[in-house]
Asks: 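Attaching a single structure in structure tokens format; questions to follow.
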Amino acid sequence: MPLVKDLLVEELRDLLHAENQLVAALPKMIDAANHPKLKEAFEKHLAQTTTQVERLKETFALLGEEPHPRPCRAMKGLIEEGQEVMEEGKEMEEIGADLALIGAAQKVEHYEISGYGTAKALARQIGAVDVAALLSQTLGEEESADYLLTTIAKPLLQQASLEEMNTQARVAVQGKR
């Protein structure tokens with residue numbers, strides 16, 4: 001089973017680097033968020049992500065491996081996209097900026113969900129039940145974070161739609177004059 005274990009270790013190294021990048025990026029996302037619930041969600045996720053880094057280090061110890069991160073280009077790209085969204089958001093109305101930020105954050109969550117799901121499956125395959133349990137805990141947190149972002153986005157989308165309809169109605173009324 002060395003091949004499967006090697007795949008697991010490489011996935012964990014990728015995730016470790018990804019999470020470390022996210023720990024650095026989340027404070028910027030907190031600053032960029034306008035809605036209090038979105039700021040709170042990012043603050044909560046920063047604390048969770050810090051714990052997830054420690055949990056990943058624990059998985060390495062359980063596997064008898066050193067926790068050497070492997071550069072995660074996917075997370076680097078997602079964070080770069082998020083930075084672009086935050087820059088563009090400075091020129092947008094708050095609701096639009098927050099919705100764009102939520103979209104960028106959910107891309108990150110989906111990447112993490114995929115990575116942790118893969119790692120968990122690999123850990124189970126080699127019988128590393130304790131590692132799989134740790135990964136499962138993190139996977140659940142990532143899924144919860146994604147769900148929370150969707151929950152925050154729903155009323156913002158409704159509000160944006162109402163504002164857009166009101167603007168269109170005003171334009172239509174002015175056009176009839």
Asks: Can you tell me how far the CD atom of E43 sits from the CG atom of L38, to the nearest 0.5 Å?
Replies: 10.0 Å
Asks: Looking at residues at least two apart in the chain, or sitting in another chain, which of them share a side chain to side chain contact (heavy atoms under 4.5 Å, CB included) with K39?
Replies: A33
Asks: Can you list the residues that meet the salt bridge (charged side-chain N to carboxylate O under 4.0 Å, His left out) rule with K120, with sequence neighbours excluded?
Replies: none
Asks: Among residues at least two apart in sequence or on other chains, which ones pass side chain to side chain donor-acceptor pair (under 3.5 Å) with T138?
Replies: R55
Asks: What pair of heavy atoms forms the shortest contact from E66 to F60, and how long is it?
Replies: O-CD2, 3.5 Å
Asks: Kindly write out the residues that satisfy side chain to side chain donor-acceptor pair (under 3.5 Å) with E91, not counting sequence neighbours, or none if the list is empty.
Replies: none
Asks: Would F42 and I113 show up in the same hydrophobic cluster when neighbours are defined by side-chain heavy atoms closer than 4.5 Å?
Replies: yes
Asks: With a 4.0 Å cut-off on N to O distance, would you call K37 and E40 a salt bridge?
Replies: no
Asks: Hey, quick one: are V85 and I79 part of the same hydrophobic cluster, counting side-chain heavy atoms closer than 4.5 Å, chains of contacts allowed?
Replies: no
Asks: Does the side chain to side chain contact (heavy atoms under 4.5 Å, CB included) test come out yes or no for T49 and Q52, once each step is laid out?
Replies: CA-CA 5 Å; T49 303; Q52 291 166 355; 4.0 Å; yes
Asks: CG/L122 to NZ/K5 distance, rounded to the nearest 0.5 angstrom?
Replies: 13.0 Å
Asks: Do I152 and L148 have side-chain heavy atoms sitting under 4.5 Å apart?
Replies: yes
Asks: Under 3.5 Å, sequence neighbours excluded: what are the donor-acceptor pairs made by side chains of residues 20-32?
Replies:
| unit_1 | atom_1 | unit_2 | atom_2 | d |
| --- | --- | --- | --- | --- |
| N20 | ND2 | L16 | O | 3.2 |
| Q21 | OE1 | K76 | N | 3.3 |
| Q21 | NE2 | H17 | ND1 | 2.9 |
| Q21 | NE2 | C72 | O | 3.1 |

Asks: What's the shortest heavy-atom distance between A18 and M75, and which atoms?
Replies: O-CG, 3.6 Å
Asks: For residues 94-117, which residue pairs qualify under salt bridge (Lys or Arg N to Asp or Glu O under 4.0 Å), counting only residues two or more places apart or in two chains?
Replies: E81-K107
Asks: Can any side-chain N or O of T118 pair as donor or acceptor with the backbone N or O of S114 at less than 3.5 Å?
Replies: yes
Asks: By side chain to side chain contact (heavy atoms under 4.5 Å, CB included), which residues pair with A128, not counting sequence neighbours?
Replies: L63, A123, I126, D130, V131
Asks: Which residues satisfy the side chain to side chain donor-acceptor pair (under 3.5 Å) test with R73, sequence neighbours excluded?
Replies: none
Asks: Would you give the length of the straight line joining atom CG of L134 to atom CD of E58, rounded to the nearest 0.5 angstrom?
Replies: 4.5 Å
Asks: When you look at N34 and L101, which way does the side chain to side chain contact (heavy atoms under 4.5 Å, CB included) test go after all the steps?
Replies: CA-CA 10 Å; N34 297 295; L101 191 55; over 6 Å; no
Asks: With a 3.5 Å distance limit and no angle check, can you tell me whether T59 reaches the backbone of L56 through a side-chain donor-acceptor pair?
Replies: yes
Asks: Just verifying a value: how many Å separate Y116 OH and E143 CD, rounded to the nearest 0.5 Å?
Replies: 12.5 Å
Asks: Is there a path of hydrophobic side-chain contacts, each under 4.5 Å between heavy atoms, that joins L15 and L139?
Replies: yes
Asks: Look at atom CD of Q137 and say whether more than 12 heavy atoms of other residues, nucleotides or ligands are closer to it than 6.0 Å.
Replies: yes
Asks: Would you mind reporting whether E142 and H45 have side-chain heavy atoms less than 4.5 Å apart?
Replies: yes
Asks: Test of understanding: with salt bridge (charged side-chain N to carboxylate O under 4.0 Å, His left out), list the residues that count as partners of E10, not counting sequence neighbours.
Replies: R13, R70
Asks: Kindly write out the residues that satisfy side chain to side chain donor-acceptor pair (under 3.5 Å) with K90, not counting sequence neighbours, or none if the list is empty.
Replies: E87
Asks: Side chain to side chain contact (heavy atoms under 4.5 Å, CB included) with A160: which residues, sequence neighbours excluded?
Replies: I95, L99
Asks: Could I get the full list of side chain to side chain contact (heavy atoms under 4.5 Å, CB included) partners for Q106, not counting sequence neighbours?
Replies: I102, H110, D146, L149, T150
